[in-house]
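Each remark here refers to the structure printed beneath this line.
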Amino acid sequence: MKSSRIMWLRDVISPKHTGELSSYSDIQVRSTSRSSMCLLCKGGRMLCGKLSCPIIAKAQSLARPNMQINSSHIQGSTPPGVFVGRIGYPKVYIGPMVPPFLGETEILDTPEFWMGKGFQDIINYRFALIRGKAQANITDAQSGTRLLDSLQELALGSRPVDSEIFLTKVPKGVLTVGSEIQPFGPSAPLRSFNVSDVSVDHRLENAYYDRDLKAAGAVIDLYDKGTMVTRIQRAFSLGMFGLSKNRKLVPTRWSITAVDSILSQELINRIKQNDTIDEYRVYSFNYLDNLYVALLMPEQWSFEWIEAWFPGTTWNPDETAAAPAMMGDHETYWGRNTYPGVGGCYFSCRLAVAEKLNQEGRQASALVLREIHPGYILPVGVWNVRESIRNTMQAEPQKFDNFNAALNCAMSKLTIPLKNWIMGSELLRRQLFQKKITEFS
């Protein structure tokens, strides 16, 4: 798509966000299967049903004065940030992520610090990181390469590191016309990469050098020692854990889900040894136009996560649709052995719920419901679910001595009728229609 196709952006974005209008000449534009509506709407008619335009929000971020890149030599303080792509697996692209400025940049690649931030802040964090990329084989983690060794050293860091990357060309910002794509910063092929001294997190360092410790054991040990999940995921993706002969690079997206899955399963195994909670509890939270309601029941562990995407949202883009699109998955006390169709959010939510119960030394059956309204203008990543449910579970719940009262309370916080949730929920149907053995005693 030619740059002339997005000149309409100049008419709908305030100059205070863009500096010189010529900045748009450096923005590359890509279309998706859902781009036609965006080009027709031009950010002003809200044809998609969203409350604000995600394309304009991305363009505002790309056009910021400090993001006008005119050199292939980038100097800045990396958070530290690295990435491992998934396209071409088992040959993938890896590289550092460096902003074009120095200073305290940890927040740029640490979602644990993003809770409460707005969409524009999150987009700005994502777009601020310039990616230098070079191809690698996933098995390079077993013997190492010069670039991978540098990236692994960087991932051991406990604070931002002054860095410089030399790219083969000037990196261009990419504006994807379509609202289903997460924001990512400019990228270009990597020629070389240098870092100053790294302040090492010795917890990560010990796990990295222990080549007799399996990867899952390293993940759990680091978590128990208080290491942030994001840092564990970063090192996991670079193949820094596990037996020497088994170490492999893991695409960043997959590593996030893998770590959430490993940690949540470990915590579930622990809480199954505990007594159940003594009452029914209802927790609620609202963030980025997402409504979250968690219902904990005084029973053995089971878990269900259901998402309801309203018309005009990412996974239900037809703003004329009659009802929200609902999807979910569940597990019984004995767990599950298939990947949930709802994706990585399942494990992110499961981790946050299991954390809360493990902190209390209790177990429960958990039903977590999420309504995604049109104000959720673009996907920001599964971190949003993990951190939102963490906040949900830390709030003071409303407590009840019977299921019906708790369910009524939960439904009062949501906008979708109970009958719709029942149709999609295994746990609700079990509670409402299946007699318990104690009723026959």
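- Classified by interplanar angle (parallel below 30°, tilted 30° to 60°, perpendicular above 60°), the ring pair W305/Y292 is parallel.
- The main-chain N or O of G341 is found under 3.5 Å from a side-chain atom of D329 such that the two form a donor-acceptor pair.
- Remark: of the listed residues T257, N384, D260, D260 is the sole one forming a side chain to side chain donor-acceptor pair (under 3.5 Å) with S348.
- Considering only heavy atoms from C-beta on, S302 stays 4.5 Å or farther from H330 through its side chain.
- Between L147 and F193, the shortest heavy-atom distance links the atoms CD1-CD2, 4.3 Å.
- The CG atom of L295 lies 7.5 Å from the CG atom of L428; values are rounded to the nearest 0.5 Å.
- Here the straight-line distance linking atom CG of L267 with atom CH2 of W301 works out to 9.5 Å at 0.5 Å rounding.
- Pairs of residues two or more places apart, or lying in two chains, that qualify as salt bridge (Lys or Arg N to Asp or Glu O under 4.0 Å) and include a residue from residues 352-370 are D278-R362, R281-E360, E307-R370, E355-R390, K356-E360.
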Begin with the C-alpha distance, continue with both residues' side-chain angles, and end with the deciding distance and a verdict on side chain to side chain contact (heavy atoms under 4.5 Å, CB included) for L213 and Y208. CA-CA 9 Å; L213 178 64; Y208 171 63; over 6 Å; no
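- Across S77 and G103, no two heavy atoms sit closer than the pair OG-N, 3.0 Å.
- L414 has its side chain within reach of W421: a pair of non-hydrogen atoms, C-beta onward, lies under 4.5 Å apart.
- Annotation: cation-pi geometry not satisfied between K133 and F83 (NZ/CZ under 6.0 angstrom from ring centroid, within 45° of ring axis).
- The heavy-atom pair separating S255 from S237 by the smallest distance is OG-CB, 3.5 Å.
- Formation of a donor-acceptor pair under 3.5 Å by the S412 side chain with backbone atoms of C409 is found in this model.
- Not a single donor-acceptor pair under 3.5 Å links the side chain of T227 to the backbone N or O of K225.
- Applying the salt bridge (Lys or Arg N to Asp or Glu O under 4.0 Å) test to every pair with at least one member in residues 227-251, sequence neighbours left out, gives these pairs: E106-R231, D109-R234, D201-R231.
- The number of heavy-atom neighbours closer than 6.0 Å to CZ of F310, taken from other residues, nucleotides and ligands shown, is above 12.
- Contact check for W383 versus I256: no side-chain heavy atoms found under the 4.5 Å cut-off.
- Contact check for L129 versus P79: side-chain heavy atoms found under the 4.5 Å cut-off.
- V282 approaches A410 most closely through the heavy-atom pair CG1-CA, 4.0 Å.
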Chi angles and distances behind the side chain to side chain contact (heavy atoms under 4.5 Å, CB included) call for M97, F184: CA-CA 11 Å; M97 298 195 298; F184 292 102; over 6 Å; no
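- Taken from CG in L288 to OH in Y376, the straight-line distance is 7.0 Å, to the nearest 0.5 Å.
- Looking at R350 and E331, their side chains come closer than 4.5 Å, going by heavy atoms from C-beta outward.
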Go through the steps to decide whether V84 and L151 satisfy the test side chain to side chain contact (heavy atoms under 4.5 Å, CB included), and finish with yes or no. CA-CA 10 Å; V84 178; L151 294 177; over 6 Å; no
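- The side-chain heavy atoms of V98 and I130, taken from C-beta on, include no pair separated by under 4.5 Å.
- Taking all atoms of both residues into account, the shortest heavy-atom contact from A364 to I277 is CB-CD1, 3.8 Å.
- Checking side-chain atoms of E371 against main-chain N and O of I416 turns up a donor-acceptor pair under 3.5 Å.
- E153 contributes atom CD, which lies 12.5 Å from atom CG of L238 (distance to the nearest 0.5 angstrom).
- For an aromatic pair to be called close, the ring centres must be under 6.0 Å apart, and F303 with Y346 satisfies this.
- The distance from atom CG of L369 to atom CD1 of I306, rounded to the nearest 0.5 Å, is 5.5 Å.
- Atom CD1 of I94 is separated from atom CD1 of I138 by 12.0 Å, given to the nearest 0.5 angstrom.
- You'll find the side chain of L367 reaches within 4.5 Å of the side chain of S425, heavy atoms only.
- Donor-acceptor pairing under 3.5 Å is lacking for the side chains of E387 and N391.
- The local environment of NZ in K272 is crowded, with over 12 non-hydrogen atoms from other residues, nucleotides or ligands closer than 6.0 Å.
- Salt bridge annotation for R430-E304: absent, with no cationic side-chain nitrogen under 4.0 angstrom from a carboxylate oxygen.
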Set out, in order, the CA-CA distance, both residues' side-chain angles and the distance that settles side chain to side chain contact (heavy atoms under 4.5 Å, CB included) for I165 and T78, then state yes or no. CA-CA 10 Å; I165 53 176; T78 179; over 6 Å; no
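- Residues A136 and L249 share a closest heavy-atom pair of CB-CD1, 4.0 Å.
- N316 places a side-chain N or O within 3.5 Å of a backbone atom of W309 that can act as its donor or acceptor partner.
- The shortest distance between side-chain heavy atoms of I422 and R429 falls below 4.5 Å.
- T110 places no side-chain N or O within donor-acceptor distance of the main-chain N or O of I107, the cut-off being under 3.5 Å.
- By the neighbour-count criterion of 12 heavy atoms within 6.0 Å, atom CZ of R270 is densely surrounded, having more than that number from other residues, nucleotides or ligands.
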